[in-house]
Amino acid sequence: MWRLCESTHPVLTDEGGAILDERTGRWTHLTPTASAAVMLLLAGGTEEEAAGQYATRYGISAKQAATDVCTVAAALTAQGLAATEPPRRGRGWWRWWR
């Protein structure tokens, strides 16, 4: 699952947005479509689900939507503003002592 890092503060709207990196004090400005991609990614689904919703929203092909969403996710990850959480595996919380 894709997520923003704890040291970031997003301000996202349909008209665009920005993400503040409190470690550096810098803002990363987003276009309206990039802001939409981030909102869909933060909704909790996978990149594929976000791309499907993005394609529907903008009336574009699934391939183009996947490219757009992955590009935004990769750019923010490369800047250190986001990360991908690996799926959790292992024992349940009830076996933490073992």
Side-chain angles (χ1 to χ4, degrees):
M1 181 159 89
W2 188 88
R3 63 173 178 77
L4 290 174
C5 294
E6 289 185 26
S7 63
T8 61
H9 301 280
V11 179
L12 306 170
T13 68
D14 288 334
E15 289 81 34
I19 300 172
L20 172 64
D21 183 352
E22 69 180 28
R23 294 172 296 154
T24 63
R26 292 187 176 182
W27 287 91
T28 298
H29 296 278
L30 304 172
T31 65
T33 53
S35 181
V38 171
M39 285 191 277
L40 292 169
L41 286 163
L42 292 175
T46 64
E47 284 188 26
E48 292 81 20
E49 292 170 342
Q53 294 170 349
Y54 189 88
T56 301
R57 181 178 192 161
Y58 290 105
I60 59 176
S61 70
K63 183 178 179 179
Q64 182 61 51
T67 300
D68 292 353
V69 170
C70 289
T71 299
V72 170
L76 294 176
T77 301
Q79 291 178 27
L81 300 175
T84 303
E85 292 179 348
R88 293 186 177 182
R89 289 188 282 169
R91 303 171 195 226
W93 61 269
W94 61 90
R95 293 192 180 180
W96 60 270
W97 67 89
R98 293 186 182 179

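Just so you know, residue 1 is the first one in the sequence shown, and it goes up from there.
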- N/O donor-acceptor pair under 3.5 Å between R23 side chain and G80 backbone: yes

- Where do R57 and A36 come nearest, in terms of heavy atoms and distance? NH1-CB, 3.6 Å

- Task: Determine the minimum heavy-atom distance between G16 and S35, stating which atoms define it.
- Result: O-OG, 3.2 Å

- Query: Any Lys/Arg nitrogen of K63 or D68 sitting under 4.0 Å from an Asp/Glu carboxylate oxygen of the other?
  - Reply: no

- Message: Please find the pair of heavy atoms, one from R3 and one from L42, that lie closest to each other, and give the distance.
- Response: CA-CD2, 4.3 Å

- Message: Please check this pair: side chain of T77 against backbone of A73, looking for a donor-acceptor N/O pair closer than 3.5 Å.
- Response: yes

- Item | Which atom of V69 lies closest to which atom of E47, heavy atoms considered | CG1-O, 4.2 Å

- Task: Enter the distance from L20:CG to W27:CH2 here, rounded to the nearest 0.5 Å.
- Result: 4.5 Å

- Any donor-acceptor pair under 3.5 Å from E49 side chain to T46 backbone: yes

- Query: Minimum heavy-atom separation for Y58 to P32, with atom names?
  - Reply: OH-O, 3.9 Å

- For L4, does its backbone N or O pair with a side-chain atom of T8 as donor and acceptor, under 3.5 Å? no

- Query: More than 12 foreign heavy atoms under 6.0 Å from CZ of R26: is that the case here?
  - Reply: no

